[in-house]
Protein chains: 2
Amino acid sequence: MLSPDNILIIDDEHQIRRLLEITLSANGYKISEASTGKEGLSMAATSQPVLIILDLGLPDIDGLDVLKKLREWYLKPIIILSVRSSEEDIIKALDIGANDYLTKPFRTGELLARIRVAIRQSQGTSENPVLNFGSLAIDLSNHTARKNNELLKLTSTEFSLLALLAKNEGRVLTHQYILKEVWGMGYIEQTQYLRVFIAQLRKKVEDDPAKPKMLNTESGIGYRFGS
Amino acid sequence: MLSPDNILIIDDEHQIRRLLEITLSANGYKISEASTGKEGLSMAATSQPVLIILDLGLPDIDGLDVLKKLREWYLKPIIILSVRSSEEDIIKALDIGANDYLTKPFRTGELLARIRVAIRQSQGTSENPVLNFGSLAIDLSNHTARKNNELLKLTSTEFSLLALLAKNEGRVLTHQYILKEVWGMGYIEQTQYLRVFIAQLRKKVEDDPAKPKMLNTESGIGYRFGS
DNA sequence: ACTGAATTTATAAAGGTTTTATAAGGATAG
DNA sequence: CTATCCTTATAAAACCTTTATAAATTCAGT
């Protein structure tokens, strides 16, 4: 439930909830749902969503009051989705603390874009995918690798090789496959390149290059990262 | 000019500018105006507005390109005001970095409320647009950089390059990407430009230009700022 | 299971090539 | 005219490839 991309939908219309659930799920968000104001308030507290989509026309509590209550403690984005299109309602909602206001019927693409805006603003910067193996950390999007938090000086080829093996942790990769992926189709038979580079990598990555724990060799086949 | 509640309007329609000027002034904002994209970009740099209202239909540069250029350094809210109401335009603008999107004709009360939301949010996440790296400070909105509190004399290209790398601290940026961002799409293969400017920057920024600690080279790939 | 030969692997080190750093002069725009 | 950018030239550094040799592993025949 405490997913980092969880969105809470508070809306009494089953059809809308269903539409949003499908659309948002398809775009990688996890969904929580509530059909009343009371339920919505309690779910916001328990599921800690990164964003709330709130309908103003709820059966029990007025939407603006729900918004006000939420804003007493909930600091992340709230997007209003409502049939009420009067300027007065919009201004009120925005001034109480909504981040955005869309009138039904809405365009799903636009809603998704506005959700991205809201989340972007509330988060600032997002983290990148990092492969971690004990003292070794490989940051694929930054093209950097660290051992004991110290930046390793790897050449481009060395990094490609390390990343390829690490991405396939535990799997044996054949010489040919590695050569094809790192050097290109024309180098499938240059097995010696691979040996030279593996040795260089081990010097930089392993605690004891003579007894490798990460870059393991499978004699006659290829190499394997980790266990 | 450097009023704390200065709003910049970039719109070629005189009537709209006049309407906004009256409305916003009546609500306590100071106004700067520009009628072309080029003028808007330079005014954004000089008048440092807390918020920018941008029309997409400008006579000289496409509004989306103005938005993109602004977002290279301008971190405060940008609200789009446009006659274009297609979902595609809205999504594009929001994803490029707009905070909100209103279609003309708009309701002034709603615009005012959305301005309040935007300013409220930008103050909440009051990130100063100054990047700090030890003795080096880079002020994105002023287009200035200081080393040991002394202003560095950087050309516009040098600053763009430094800012781009600094904004992506720790990440390896490829030659092509840097050339595209700083010089433009047509310069992707002019790697030597980059080398020349990196050398110049290192002379100004590094303690020992021969042993760079900030502007690191990743041979065969590109450059990386910091560790 | 042991031995020795054959195969495969590890590693250092020596060219050779590509990439980078830097200075300096010419071109250009404001 | 001046600041900035572009271009060229050349030396230095980094990187890749190749070679050589020792070590490890596999395997066949006993």
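Chain identifiers are assigned alphabetically (A, B, ...) following the order of the sequence lines, protein sequences preceding nucleic acid strands; residue numbering begins at 1 within each chain.
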*In terms of the nearest nucleotide of DNA chain D, which residue is placed more toward the 5' end: F197(A) or T155(B)?*
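Comparing both residues, the 5'-ward one is T155(B).
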*Could you pick out which residue, G220(B) or V196(A), lies toward the 5' side of DNA chain D when each is mapped onto its nearest nucleotide?*
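The answer here is G220(B).
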Given atom [atom1] of [X] and atom [atom2] of [N], what is their separation to the nearest angstrom?
X: Q190(A); N: dC15(D); atom1: CD; atom2: C1'; answer: 17 Å
X: I198(B); N: dC5(D); atom1: CD1; atom2: P; answer: 14 Å
X: D208(A); N: dA10(C); atom1: CG; atom2: P; answer: 14 Å
X: E218(A); N: dT7(C); atom1: CD; atom2: P; answer: 21 Å

*Pick the nucleotide of DNA chain C nearest each of P212(B) and Q200(A); which residue has the one closer to the 5' end?*
Q200(A)
What nucleic acid atoms does [X] come within less than 4.0 Å of, heavy atoms only: base, sugar-phosphate, or nothing?
X: T191(A); value: nothing
X: S156(A); value: nothing
X: Q192(B); value: base

*Taking only N and O in the side chain of W183(A), is any of them less than 4.0 Å away from OP1 or OP2 of dC16(D)?*
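Answer is no, no contact under 4.0 Å.
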_Any K211(B) side-chain nitrogen or oxygen under 4.0 Å from OP1 or OP2 of dA13(D)_ =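 For dA13(D), OP1/OP2 do not have a side-chain N/O of K211(B) under 4.0 Å.
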*asked:* The side chain of S219(B) is closest to which nucleotide in this list: dC6(D), dA12(C), dC15(D)?
replied: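 Output: dC15(D).
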*asked:* Over 60° means perpendicular and under 30° means parallel, so tell me whether F197(B) and W183(B) are parallel, tilted or perpendicular.
replied: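 Correct class here is perpendicular.
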